[in-house]
Amino acid sequence: MLLSTFFTTGRIVFIIIFAVSFVILMIYSYKKDLKNHKIYYKNAEKRVITYGILIILLFIALRFIIATTR
């Protein structure tokens with residue numbers, strides 16, 4: 001097995017336990033703070049999408065400008 005050449009059995013078990021624990025704690029934390037998200041982060045998804053699109057458009061414009069000046 002390829003993983004056994006890089007990791008010992010103990011490390012593989014630790015990685016699996018850590019990953020599962022981390023995901024469970026993240027889900028618990030998100031559910032615990034859900035009401036705060038609704039209060040403090042209203043319309044945040046719209047802002048993220050808008051700014052993301054603006055950054056992508058800016059990147060495309062800069063690439064186009066740089067490519068045409070060469």
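Values below: all heavy atoms of this structure, side chains included; hydrogens, waters and symmetry mates excluded. This chain uses plain numbering: 1 for the first residue, then up along the sequence.
For the atom pair CG (Leu58) and CD1 (Ile65), the distance works out to 8.5 Å, reported to the nearest 0.5 Å. The CG atom of Asp33 sits 11.0 Å away from atom OH of Tyr40, with the distance rounded to the nearest 0.5 Å. Between atom CE of residue Met26 and atom NZ of residue Lys31 there is a gap of 13.5 Å, rounded to the nearest 0.5 Å. Taking CD1 of Ile12 as the start and CZ of Phe6 as the end, the distance is 11.5 Å to the nearest 0.5 Å.
Counting only distance, with no hydrogens or angles, the side chain of Thr68 and the backbone of Phe64 share a donor-acceptor pair below 3.5 Å.
In this structure, Ile16 and Val13 have side chains that are not in contact, with every pair of non-hydrogen atoms separated by 4.5 Å or more. In this structure, Arg11 and Thr8 have side chains that are in contact, with non-hydrogen atoms separated by less than 4.5 Å.
Residue Tyr41 is grouped with residue Ile39 when hydrophobic side chains (ILVMFWY) are merged at heavy-atom distances under 4.5 angstrom, including chains of intermediate members.
In this structure, Val48 shares a hydrophobic cluster with no other residue, the cluster being traced through Ile, Leu, Val, Met, Phe, Trp and Tyr side chains under 4.5 angstrom apart. Using a 4.5 Å cut-off between side-chain heavy atoms of Ile, Leu, Val, Met, Phe, Trp and Tyr, Leu34 falls into a hydrophobic cluster with Tyr30.
Ile53 pairs in a side chain to side chain contact (heavy atoms under 4.5 Å, CB included) with only one of the listed residues (Leu57, Ile56, Thr50, Ile55), which is Leu57.
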